[in-house]
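We count ligands from 1, going down the list as the structure has it; atoms in each ligand are counted the same way. Each residue takes its place number in the sequence, starting with 1.
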Amino acid sequence: MDKMQDAIEILKEYNQEHIIRILEKLDREKQEELIKQIQTIDFHQITELYNNTKKEIEFKESKIEPLKYLDKAKLTDCQRKKFDELGEKTVKAGEYAVVTMAGGQGTRLGHSGPKGTFKLDVYGKGKYLFEILIENLKEANQKYGITIPWYVMTSRENNHETVEFLEKNNYFGYDKDFVTIFTQSELPLVDQEGKLLIGKDFKIKEASDGNGGTYSSLRASGCLANMKERGIKWIFIGSVDNALLKMVDVTLLGMAISKNVQIASKSVVKANPHEKVGVFCKMNGHPKVIEYSELPKRMAEQRDRNGELKYGESHIMCNLYTIEAIEKVSKEPLIYHSAFKKNSYIDEDGKEVIPEEPNSYKFESFIFDAFEFFDDIAILRGKREDDFAPVKNCEGVDSPKTAKELYEKFWNK
Ligand code: UTP
């Protein structure tokens with residue numbers, strides 16, 4: 001009973017009385033589960049994160065400058081040959097691994113399962129996003145005569161379904177010994193008043209804490225140690241929802257090796273000044289990506305002498321790291337951003353509420369916030385039509401329809 005009282009005190013202190021009312025109605029077993037969870041939650045951190053949602057993020061523009069990049073289409077033959085050879089050598093030596101971030105909720109798409117299990121309606125029969133990714137890896141394996149270890153990050157919410165799906169589909173022919181599925185960390189969801197949501201299991205509803213969680217989760221899950229055992233030197237980390245993602249780009253890898261950097265990334269030019277993508281820049285002398293929601297309008301529209309957007313290199317979640325870089329950032333705490341999303345919850349009468357509009361904040365760290373821990377990053381500008389077919393929204397821009405068109409156009413070429 002002491003534990004119950006302690007939990008009630010915590011909930012009162014942090015204005016979570018609605019949970020007390022739910023807690024009091026639960027049976028003994030459910031009560032114990034919820035109390036146990038309350039003991040593990042950092043309410044102080046959640047309150048701070050919620051309070052931050054009310055603050056405006058300000059950038060001192062004077063400290064921001066554009067970041068240099070190389071355009072893949074404009075490399076000289078000599079540069080291209082050099083990069084490709086360096087990259088190929090590393091891949092063939094078995095020193096390259098790929099991580100897919102599949103822990104997101106995919107709320108905008110509205111697909112009921114994990115995003116990787118979404119079937120893109122391509123070529124009549126359709127292909128699952130996981131299937132498309134695996135095909136891309138298999139193609140590289142064949143080309144370089146090896147099997148690249150593939151690590152898939154899930155969330156606690158979608159892990160079971162992801163494993164089941166890949167098992168059922170026999171990993172789309174990928175060698176299972178080279179697939180590792182690991183789960184990322186989580187944080188509670190809060191509504192507009194700062195109240196924690198309760199899920200169908202009568203526990204505080206938690207969700208994956210952003211793709212920035214990849215680094216620490218790679219360490220905590222033992223994947224990093226496993227990579228070291230395998231002799232991996234370079235790690236590619238990409239998203240699950242880009243149907244044109246090239247996970248083994250030897251030019252990008254060779255460029256990173258040749259420039260002797262710890263991190264590299266592929267960009268594409270922003271489709272328009274207000275496209276909802278983050279853009280690369282240098283802030284206070286360090287590489288950084290500014291999210292679209294945080295980039296001041298004036299900067300988003302600024303152009304250079306050639307008429308190109310000054311901040312036009314968009315981050316497409318196509319990032320490459322040395323294993324030392326992952327080791328380093330896996331120990332660094334990243335800041336959390338808030339995303340306003342649709343999340344169902346249980347009300348005080350125990351009824352499930354499925355909102356039609358965004359109703360709650362999800363706190364997420366972003367993968368690119370780790371770039372600031374480095375002095376430099378090598379950027380390779382790719383081509384939108386070759387490298388970027390995101391599946392984000394259920395319709396309109398970056399939807400299954402646009403991704404299908406881009407995918408089919410690329411493969412018909
Ligand atoms: P997004 O930020 O686009 O989020 O993820 P999302 O969850 O897929 O979609 P919305 O915003 O809810 O509609 C970009 C990539 O980062 C992964 C996603 O799975 C996707 O590959 N991600 C995102 C994670 O792995 N974990 C997270 O907590 C968030």
Fit a plane to each ring of H337 and F366, take the angle between them on a 0 to 90° scale, and name the class: parallel (under 30°), tilted (30 to 60°) or perpendicular (over 60°). parallel
Below 4.0 angstrom from a heavy atom of M153, which ligand 1 atoms are there? Numbered from 1 as shown, please. 25 (O)
Ignoring hydrogens and geometry beyond distance, is a side-chain donor-acceptor pair present between S239 and K115 at under 3.5 Å? no
Protein contact of atom 6 (P) of ligand 1 - nearest heavy atom, named by residue and atom, plus distance: G106 N, 3.6 Å
So which protein heavy atom does atom 17 (C) of ligand 1 come closest to, and at what separation? M101 O, 3.7 Å
The protein heavy atom nearest to atom 25 (O) of ligand 1 is G103 N, 2.8 Å
Filtering K392, E157, K342 for the heavy atom nearest atom 14 (C) of ligand 1 leaves K392
Is it the case that over 12 heavy atoms from other parts of the model lie below 6.0 angstrom from the NZ atom of K119? yes
Please list, chain by chain and in numerical order, all residues satisfying ring pair (Phe, Tyr, Trp, His ring centres under 6.0 Å) with H111, sequence neighbours excluded. F118
S314 and V268: which non-hydrogen atoms are nearest, and at how many Å? OG-O, 2.5 Å
Does K143 NZ have over 12 foreign heavy atoms under 6.0 Å away? no
Does an N or O anywhere in K115 fall below 3.5 Å from an N or O of ligand 1? yes
If you scan protein heavy atoms around atom 16 (O) of ligand 1, the nearest is N211 ND2, 3.2 Å
Between F368 and F280, does the ring centroid distance fall short of 6.0 Å? no
Exceeds 12 heavy-atom contacts within 6.0 angstrom, atom NZ of K413: yes
Closer than 4.0 Å to some heavy atom of Q105 - which atoms of ligand 1 meet that? 7 (O)
Students should be able to answer this: which protein heavy-atom is nearest to atom 22 (N) of ligand 1, and at what distance? G104 N, 3.5 Å
Identify the heavy atoms of R156 and T183 that sit nearest to each other, and give their distance. N-CG2, 3.4 Å
Is any N or O atom of Q184, backbone or side chain, closer than 3.5 Å to an N or O atom of ligand 1? yes
For ligand 1, is any non-hydrogen atom under 4.0 Å from A102's backbone (N, CA, C, O), its side chain (CB onward), both, or neither? backbone
Close N or O approach (L109, ligand 1; < 3.5 Å): no
Do any nitrogen or oxygen atoms of M317 lie less than 3.5 angstrom from nitrogen or oxygen atoms of ligand 1? no
